[in-house]
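A short worksheet on the structure shown next.
The structure presented is a predicted model; accordingly, all values stated were derived computationally and were not measured.
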Amino acid sequence: MIASPLPTDARGATASPFAGLRVALIASGASSIQTSLLATGLKLEGAIVRRIATDAAVHLTAARVPYLRDRLRLAKFRAALAEAVAEGADVIHVEAAPSPGLEPVVGWAIDAARHAGIRSVVRLLETPSHDLEAAALAADGIVVPSPYLRERLRTRLDIDSTLIPHVAEDSGLDAPPVRREGSLRLLCARPLDARHGVGVVIEAATRAIEAGVDLELVVAGDGPERAALERQAARTLARRVTFAGDVPRYYVLSALRESDAVIDASVSDEYPAVLADALAAGVPVASGAAPGVAWVVDHGETGLVTPVGDAAALAESIARLDRDRHATAAFGWCAKIRALRRTWDAVRGEWAAIYVAQPRRPEASSARAASRPIDTTGVA
């Protein structure tokens with residue numbers, strides 16, 4: 001069978017499937033980076049993108065009263081959603097990043113789309129709560145960024161989803177930043193809490209120094225364990241570690257370009273975006289094998305993966321990266337090449353397929369979703 005040709009414009013050029021598509025893109029601040037990259041790609045293709053914040057700013061007086069603040073934010077969201085529907089959106093896309101009170105927002109958006117005959121798409125960035133699961137099941141399409149999360153949704157929650165990797169922000173083919181000599185520059189960019197194992201990173205760096213590795217460590221992030229981690233580092237790493245605090249994204253991207261490797265010891269992470277950023281920049285990763293990491297880091301090809309919480313094994317990974325800088329540089333090159341699979345050009349077809357499909361008819365909404373009501377008590 002001969003495939004039908006792609007649509008073309010009046011000049012004979014291939015027409016973008018997104019040209020003229022009106023997309024209402026709903027997101028909280030927690031998903032702003034990937035939301036921005038997606039919105040940019042869509043706009044470059046000729047789509048008309050309206051962004052609707054779920055955490056919109058409110059008047060200063062109301063902001064001082066949590067209950068009033070939350071009600072006003074939800075009211076502003078519903079008004080913006082109604083306006084987008086009235087102006088004729090073709091797709092309502094919700095970024096379901098972790099955010100308090102997100103469940104009713106997702107439910108309202110999908111209900112509004114279904115009643116207006118508009119296609120609805122939800123991108124889940126982690127395993128959903130029960131209420132968010134109920135809301136997502138009513139959508140026409142569910143997108144996830146990693147095979148790990150897709151399998152988790154399928155096996156534990158019986159949810160079918162479409163895998164579309166996050167867009168790589170830096171996939172240029174300039175030389176990776178690994179140096180051939182000098183101290184090994186390590187970066188750990190994680191929140192300073194129990195889930196992300198920064199204490200294990202400090203212990204691993206200490207063990208590596210004791211084994212003869214000359215290294216420098218930058219810790220970018222903040223959290224409840226910062227004071228304890230600073231005390232731990234002061235005892236064992238002296239002047240070899242810098243705590244940068246809660247820094248903006250441009251600082252992390254700049255720090256990546258100055259690092260030889262990213263080191264990570266998170267206990268769980270369904271899609272470790274910071275590791276994907278590192279690999280796209282040509283920076284190899286030494287990490288524990290938290291759930292989700294194996295889908296991002298290829299052991300022995302783009303970095304080194306060791307058991308979760310094993311500081312001794314992570315220290316050996318650091319030592320290996322230090323003593324064979326040629327292999328470390330090769331990890332970086334491999335990572336950059338593979339990041340080409342995640343550029344906008346590489347994933348645009350998957351987004352087109354999920355955006356342009358027909359929405360379900362209002363009466364044909366999911367019976368599973370209908371059996372799992374969303375709790376909207378106290379919100380309006």
Side-chain angles (χ1 to χ4, degrees), residues 17-18 21-28 30-31 34-35 38-39 42 47 49-54 74 77-78 80-82 84-85 88-99 101-147 149-166 270-271 347 350-376 379:
F18 302 103
L21 191 73
R22 296 162 297 182
V23 181
L25 191 54
I26 300 170
S28 68
S31 59
Q34 276 301 310
T35 304
L38 175 61
L42 292 171
V49 180
R50 173 199 287 261
R51 294 183 63 166
I52 303 174
T54 62
L74 290 173
F77 167 78
R78 297 191 77 169
L81 176 63
V85 171
D90 299 304
V91 178
I92 291 180
H93 173 130
V94 184
E95 294 280 84
S99 181
L102 182 67
E103 292 85 356
V105 166
V106 176
W108 291 332
I110 294 171
D111 283 344
R114 185 169 64 249
H115 291 311
I118 298 171
R119 184 158 179 79
S120 60
V121 174
V122 173
R123 176 157 60 175
L124 294 173
L125 301 181
E126 64 175 27
T127 301
S129 65
H130 173 78
D131 287 340
L132 184 55
E133 174 194 349
L137 281 169
D140 294 307
I142 300 174
V143 175
V144 295
S146 76
L149 184 53
R150 180 179 59 181
E151 289 303 313
R152 183 177 176 87
L153 294 177
R154 179 182 296 160
T155 58
R156 295 189 60 180
L157 303 176
D158 193 28
I159 294 177
D160 292 325
S161 59
T162 299
L163 171 64
I164 306 179
H166 279 340
E270 294 177 337
Y271 186 83
V347 302
E350 283 84 350
W351 279 115
I354 202 163
Y355 270 10
V356 302
Q358 291 297 314
R360 288 180 288 185
R361 294 180 180 275
E363 64 272 16
S365 58
S366 171
R368 284 190 302 163
S371 67
R372 307 183 191 192
I374 303 166
D375 183 8
T376 58
V379 296

Nearest 0.5 Å, please: how far is [atom2] in [Y] from [atom1] in [X]?
{"X": "Asp160", "Y": "Leu137", "atom1": "CG", "atom2": "CG", "value": "9.5 Å"}
{"X": "Arg114", "Y": "Ile110", "atom1": "CZ", "atom2": "CD1", "value": "8.0 Å"}
{"X": "Arg50", "Y": "Ile26", "atom1": "CZ", "atom2": "CD1", "value": "10.5 Å"}
{"X": "Leu42", "Y": "Tyr355", "atom1": "CG", "atom2": "OH", "value": "5.0 Å"}
{"X": "Glu151", "Y": "Ser161", "atom1": "CD", "atom2": "OG", "value": "8.5 Å"}

Which pair of heavy atoms, one from [X] and one from [Y], lies closest together, and at what distance?
{"X": "Val106", "Y": "Ala136", "value": "CG1-N, 4.5 Å"}
{"X": "Ala113", "Y": "Ile92", "value": "CB-CD1, 3.8 Å"}
{"X": "Ala96", "Y": "Leu132", "value": "CB-CD2, 4.2 Å"}
{"X": "Asp140", "Y": "Ile118", "value": "OD2-O, 3.8 Å"}
{"X": "Tyr271", "Y": "Ser146", "value": "CD1-CB, 3.4 Å"}
{"X": "Leu81", "Y": "Ala109", "value": "CD2-CA, 3.7 Å"}

Original post:
Taking side chain as C-beta onward, heavy atoms only, is Pro147 less than 4.5 Å from Leu163?
Top reply: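 Side chain of Pro147 against side chain of Leu163, heavy atoms only: contact under 4.5 Å found.
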
**OP:** Decide yes or no for Asp111 and Ser120: does some side-chain heavy atom of the first lie under 4.5 Å from some side-chain heavy atom of the second?
**Re:**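 The answer is no, as the side chains (C-beta and beyond) never meet within the 4.5 Å cut-off.
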
Subject >> Partner set under salt bridge (Lys or Arg N to Asp or Glu O under 4.0 Å) for Arg150, not counting sequence neighbours >> reply: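 Partners of Arg150 by the salt bridge (Lys or Arg N to Asp or Glu O under 4.0 Å) criterion come out as none, since no residue qualifies.
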
Original post:
Considering residues at least two apart in sequence or located in another chain, which fulfil the salt bridge (Lys or Arg N to Asp or Glu O under 4.0 Å) criterion with Glu350?
Top reply: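 Residues passing salt bridge (Lys or Arg N to Asp or Glu O under 4.0 Å) with Glu350: none at all.
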
Subject >> Derivation of the side-chain contact (heavy atoms from CB on, under 4.5 Å) call for Val143 and Trp351 >> reply: CA-CA 9 Å; Val143 175; Trp351 279 115; 3.8 Å; yes

Subject >> For Thr162, all residues meeting side chain to side chain contact (heavy atoms under 4.5 Å, CB included), sequence neighbours excluded >> reply: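 Partners of Thr162 by the side chain to side chain contact (heavy atoms under 4.5 Å, CB included) criterion, ordered by chain and then number, come out as Ile164, Ile354.
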
Original post:
Could you go step by step and tell me if Thr35 and Arg51 meet the side-chain contact (heavy atoms from CB on, under 4.5 Å) rule?
Top reply: CA-CA 9 Å; Thr35 304; Arg51 294 183 63 166; 3.4 Å; yes

Original post:
So Arg123 and His93, side-chain contact (heavy atoms from CB on, under 4.5 Å) or not? Walk me through it.
Top reply: CA-CA 8 Å; Arg123 176 157 60 175; His93 173 130; 4.0 Å; yes

